[in-house]
Engineer: 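Please find one structure pasted underneath; my questions will follow.
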Amino acid sequence: MAALILVWPAFWNGYPLVFADTGTYLGQVLHVYLGWDRPPFYSVFLLATHWRLTLWGSVLAQGLIVAHLLGVTLRVLGRPNPWLLPPVALALSVLTGLPWTAAQLIPDVFTGVLVLALWLLGFKAAALSTGERLWFAVLAAASIAFHQSHVPLAFGLALCGGALLLAARGARPALRGVFRMAGPGVLAALALVAVNLMGHGRASLSPFGPVFLAARVIYDGPGMDFLRRACPEAGWRVCGSLGRLGPYHNAFLWGTDSPLWTELGGPKAWAAEASEVVSAVLRDAPGAVALAFAANSLEQFRMVGTGDGVEPWPGVPGPEPLIAQFFPHERDLFLAARQQRGLLVLDAGRWAPLHRVVALFGFLALLAVPLLLRRRLGSAGAALVVLALAAGVGNAAITGGLSGPTPRYQARLAWLFAFAPAAVALAAPGLSVRQAVERRQAA
């Protein structure tokens, strides 16, 4: 019931929500190739849940994963009544942008999933069964592998969790907790390196990441200033394209008429030079780059936009050609959906102001909960609050600071700002780990 509630925008739309990247994620497995900008693991998840039968399977799977995670979180906090889950899901589906993320066929929903899974592994492992611990370890590893930005986020949360465990429980529990929280990140990192080595011949987490970084430093200003001073003596190919790079970084990265594609040979061909440009700019103006990074991170932190990316995506780069080829029985549903008729973006726009207000008050609640509930806030509850805050800050820095501020980046986990303090407030007072285990066994 909660899973269906959490993906209600898909039912309202008449079809699962898509994004431009949905085409890449579907195509990597269906057409058997490895893209330069997206790991293939979410593509495997899609195949495992749609079976070339219907894309509804993938959306329902995402809803079930989130619903189960919420239910377990409530249970280990001392609220095992399963009938509490549907109203919590309903509240999140109305007050936050979670359902708009869970109903979309891109891996954004797994950002928040990662945070809760790591918290459970680090701070509530004793309240989980062996099967649950294994499941959440696999889920966390998969969530990290689904998106490269999740790698630094996961290790940052593991370090943060380790510091909290050290302060609350001592060195030995802290080491065990860090191992449980960092283990999925290690597995995911190894998987990413292995697939890039096999597919691109490069043992790297992100073999073409320098292209994104170069676009960031150029469009922030320090990179462009440096190139204008260093070119043409530097001898880089980009020197001949400075006047035609485009008005903003996404136009440079994705525009078919961008010099990146028409003059520099594409991201794969330009990656080595992009790395040289980034290194040179960092040496030339480290302070300016740091200030721009901080400004972008702050901008990203405040930028929460429900419905970013739910405009129509006809043809390429959207998923329409793949749906027509592999899901021909669903093509008419896809084309008749509110998204493809340009209506869904208007629907999302009506919800966005409410979600921004709730995210803001949720963030303030995260700051206030330790003061208001300090007597009943155990180490695990405090950790959930701190990790939600750390995830919000870390996600903003990783995505906005390194790639560029975009509303959907922060919207993908802003729902945690509301859920974390609410879950802690709902927690049974004085619930110990032993009591949580006894309640689970009794259930």
Side-chain angles (χ1 to χ4, degrees), residues 39 69 73 76 107 110-126 128 133 136-193 204-206 209 213 290 293-294 296-298 300-301 363 366-367 369-370 377-403 409-410 412-414 416-417 419-421 423-424 433:
L69 189 59
T73 299
V76 301
F110 289 94
T111 308
V113 164
L114 172 62
V115 178
L116 288 183
L118 291 182
W119 172 76
L120 286 167
L121 291 171
F123 293 87
K124 284 294 185 180
L128 304 174
R133 287 195 294 271
F136 288 124
V138 171
L139 179 61
S143 299
I144 298 166
F146 286 169
H147 202 284
Q148 291 156 331
S149 69
H150 293 171
V151 177
L153 179 64
F155 285 113
L157 291 175
L159 289 175
C160 183
L164 293 172
L165 285 167
L166 181 63
R169 303 181 187 178
R172 185 171 295 179
L175 286 175
R176 290 197 296 265
V178 168
F179 177 79
R180 291 192 299 268
M181 294 180 74
V186 173
L187 291 176
L190 290 174
L192 287 166
V193 170
S204 171
L205 288 171
S206 180
L213 295 177
F293 174 86
N296 288 329
S297 299
L298 288 172
Q300 182 63 81
F301 189 83
F363 177 73
L366 286 174
L367 299 176
V369 158
L377 192 65
S379 61
L384 179 57
V385 170
V386 173
L387 289 184
L389 285 169
V393 173
N395 180 70
I398 294 164
T399 58
L402 299 178
S403 180
Y409 286 155
Q410 200 69 353
R412 65 190 190 181
L413 55 63
L416 279 177
F417 296 168
F419 175 72
V424 171
V433 171

Engineer: Nearest heavy-atom pair of L165 and A174: which atoms, and what distance?
Structural biologist: CB-CA, 3.7 Å
Engineer: Donor-acceptor check, side chain of Q410 to backbone of G392, threshold 3.5 angstrom: yes or no?
Structural biologist: yes
Engineer: Can a donor-acceptor pair be found between the side chains of H150 and S143 at a distance below 3.5 Å?
Structural biologist: no
Engineer: Got P39 and H147 here, is their nearest side-chain heavy-atom distance under 4.5 Å?
Structural biologist: no
Engineer: Write down the atom of I398, the atom of L153, and the distance for their closest heavy-atom approach.
Structural biologist: CD1-N, 3.5 Å
Engineer: Using side-chain heavy atoms (C-beta onward) and a distance below 4.5 Å, is P184 in contact with L121?
Structural biologist: yes
Engineer: What pair of heavy atoms forms the shortest contact from A125 to R180, and how long is it?
Structural biologist: CB-NE, 3.5 Å
Engineer: Using 0.5 Å steps for rounding, measure from the CG atom of L118 to the CG atom of L157.
Structural biologist: 6.0 Å
Engineer: Could you go through F110 and I144, starting from their C-alpha distance and side-chain angles, then the distance that decides it, and tell me whether this counts as side chain to side chain contact (heavy atoms under 4.5 Å, CB included)?
Structural biologist: CA-CA 8 Å; F110 289 94; I144 298 166; over 6 Å; no
Engineer: So, for L114 and A140, which heavy atoms are closest and what is the spacing to 0.1 Å?
Structural biologist: CD1-O, 3.8 Å
Engineer: Using the side chain to side chain contact (heavy atoms under 4.5 Å, CB included) rule, pick out the option among L416, L69, L384 that qualifies with V115.
Structural biologist: L416
Engineer: Should V151 and F155 be marked as a side chain to side chain contact (heavy atoms under 4.5 Å, CB included) after you check the CA-CA gap, both sets of side-chain angles, and the distance that decides it?
Structural biologist: CA-CA 7 Å; V151 177; F155 285 113; 3.9 Å; yes
Engineer: Evaluate the side chain to side chain contact (heavy atoms under 4.5 Å, CB included) criterion for residues L387 and C160: first the C-alpha distance (whole Å), next the side-chain angles of each, then the deciding distance (0.1 Å), finally the verdict.
Structural biologist: CA-CA 7 Å; L387 289 184; C160 183; 4.0 Å; yes
Engineer: I want to know whether F301 and Y409 have ring centres closer than 6.0 Å.
Structural biologist: no
Engineer: Do L187 and V138 make a side-chain contact, defined as non-hydrogen atoms from C-beta onward lying under 4.5 Å apart?
Structural biologist: no
Engineer: Which is it for F136 and L116 under the side chain to side chain contact (heavy atoms under 4.5 Å, CB included) test, yes or no, and what are the steps along the way?
Structural biologist: CA-CA 9 Å; F136 288 124; L116 288 183; over 6 Å; no
Engineer: Where do M181 and G122 come nearest, in terms of heavy atoms and distance?
Structural biologist: CG-CA, 3.6 Å
Engineer: Please confirm whether the backbone N or O of A380 pairs with a side-chain atom of W119, one donor and one acceptor, at under 3.5 Å?
Structural biologist: yes
Engineer: What distance separates L366 CG from L389 CG, expressed to the nearest 0.5 Å?
Structural biologist: 4.5 Å
Engineer: Working to the nearest 0.5 angstrom, can you tell me the gap between T399 OG1 and R412 CZ?
Structural biologist: 6.0 Å
Engineer: For a 4.5 angstrom cut-off between non-hydrogen side-chain atoms, does L164 reach F123?
Structural biologist: yes
Engineer: Can you give me the closest heavy-atom contact between A145 and A188, atom names plus distance?
Structural biologist: N-CB, 3.8 Å
